[in-house]
Amino acid sequence: MNLSKWVFQIFIIFTLFNLQISTGVSQFSNNFLKIAKQDEFFSWMVGIRRKIHEHPELGYQEFETSQVIRQELDKLGVGYNHPVAVTGVVGFVGSGQPPFVAIRADMDALPLQEMVEWEHKSKIPGKMHACGHDAHVTMLLGAAKILKDHSHLLKGTVVLVFQPAEEGGGGAIQVVDSGVLRNVKAIFGLHVSPGLPLGQVSSKPGTLLAGSGFFEAVITGKGGHAAIPQHAIDPILAASNVVVSLQHLVSREVNPLDSQVVTVAKFQGGGAFNVIPDSVTIGGTFRAFSKESFMQLKQRIEEVIIGQATVHRCNATVEFSTKDRPFIPVTINDNNLHKYFQNVAGDVLGPSNVKSMLPLMGSEDFSVYQEVIPGYFYFLGMKTESNKKPTSVHSPFFEINEDILPFGAAMHASLVANYLTEIQDSETQLNEKHHNEL
Ligand SMILES: *[C@@H]1O[C@H](CO)[C@@H](O)[C@H](O)[C@H]1NC(C)=O
């Protein structure tokens with residue numbers, strides 16, 4: 001072998017080595033989507049999704065869903081903790097050593113009668129997966145399978161969080177309280193989006209979704225004959241004025257550039273045409289994008305309800321979110337994770353499929369994780385040409401485009417697998433730096 005050939009070979013080896021380093025972030029990405037799109041893999045996911053769709057369960061009652069998850073993890077040979085937060089399951093893939101990074105899917109359905117007629121329609125009357133959590137669970141199992149098949153390459157441990165009770169039950173709070181996320185460096189989560197084209201993602205750094213709370217008030221007057229109002233104290237009129245006054249909070253007291261919402265969605269009182277009732281119950285939700293705005297709104301809602309009731313000679317009691325329906329914090333995406341997300345999503349889906357978006361007034365208890373560890377939440381599209389008018393989430397006509405499943409599985413797996421490589425690399429660099437400084 002002559003010298004020039006040697007030099008050439010060394011050059012090739014060196015180039016390949018460099019290539020691998022410089023594309024560290026995309027080490028797994030393209031590959032994972034291909035794997036998840038393979039026929040066998042895809043039909044496995046579709047089967048799981050349909051099984052969960054047929055048996056929807058409400059928050060903290062996801063016993064069958066939990067069982068499906070554990071059966072699949074058992075088949076994959078993925079270890080887990082159970083129960084976490086009543087029905088939750090937390091799986092582990094990788095080296096079993098730090099660093100730890102988490103991915104989360106929510107498990108619960110909604111109290112809604114499915115109106116879509118198809119072979120795998122909900123078999124439980126009055127309950128439906130109308131928010132895509134059946135797909136969320138399936139995509140996380142898909143990621144578990146991909147990661148398990150590559151676990152020898154993982155430079156740390158992935159924590160798979162199957163969380164109950166996202167729809168108002170505060171399942172994330174119980175998961176955090178269980179301590180399973182101690183030492184976890186970052187967490188990722190996604191939501192299916194009916195309006196965003198298939199294979200696209202969208203999100204933003206900083207505030208993404210609103211903080212949300214509920215209120216309920218009982219306005220008490222004095223019942224009587226409807227024809228003799230002077231002997232009664234009318235809580236219907238008082239409550240009506242309360243509703244109108246509550247609408248002045250956002251329009252008159254809040255900076256128009258600081259988006260907030262107060263909606264009275266419940267108004268119950270009376271039952272006869274000729275009887276003034278003793279009391280009226282009203283309730284609703286309020287939303288804001290900062291803790292300060294949220295707390296200010298909460299205080300003013302209470303003051304206005306009690307004050308307006310007094311004007312009309314009534315008494316009022318106001319209750320805010322309880323243990324069953326806790327306050328949900330603002331969803332705030334970590335700025336560093338945003339840059340990281342854009343790189344990985346660009347590698348998996350192509351840079352043109354990574355979109356940015358405005359914040360939404362909806363809320364997500366993923367924010368509970370973000371209060372304790374850096375987290376990133378994004379939307380994954382499933383709209384196709386044939387599906388021109390997508391039905392929104394929480395509609396009885398909501399449908400999942402099952403072609404979304406491989407995208408979710410691949411995105412989940414790529415985000416965490418590459419993350420472990422990245423932080424291992426940056427820690428090694430850091431250690432080397434310290435070493436050199438010594
Ligand atoms: C409101 O509360 C006060 C103090 O408890 C009571 O005296 C009054 O009768 C109440 N008014 C109504 C309309 O219930």
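Atoms within each ligand, like the ligands themselves, are counted from 1 in listed order.
For atom 11 (N) of ligand 1, a protein heavy-atom neighbour is present inside the 4.0 Å cut-off. Within a 4.0 Å radius of atom 4 (C) of ligand 1, the protein has no heavy atom. Per-atom contact check: atom 7 (O) of ligand 1 does not touch the protein, criterion being a heavy-atom distance below 4.0 Å.
In this structure, the side chains of Gln163 and Tyr369 come closer than 4.5 Å at one or more pairs of heavy atoms.
Proximity of Arg313 to ligand 1, defined as any heavy-atom pair under 4.0 Å, is confined to the backbone N, CA, C and O atoms.
A perpendicular orientation is assigned to the rings of Tyr419 and Tyr340, their planes being inclined by more than 60° (bins at 30° and 60°).
Residue Arg49 forms a salt bridge (Lys or Arg N to Asp or Glu O under 4.0 Å) with just one option from Glu54, Glu402, Glu72, and that option is Glu402.
A donor-acceptor pair under 3.5 Å is absent between the side-chain atoms of Asp258 and the main chain of Val254, judged by distance alone.
Against a heavy-atom cut-off of under 4.0 Å, Thr220 is close to the following atoms of ligand 1: 13 (C).
Comparing Asn315, Asp278, Ile233, Ile219 against atom 14 (O) of ligand 1, the shortest heavy-atom distance belongs to Asn315.
Evaluation of the ring-ring contact (aromatic ring centres under 6.0 Å, His included) rule for His129 yields no partner, not counting sequence neighbours.
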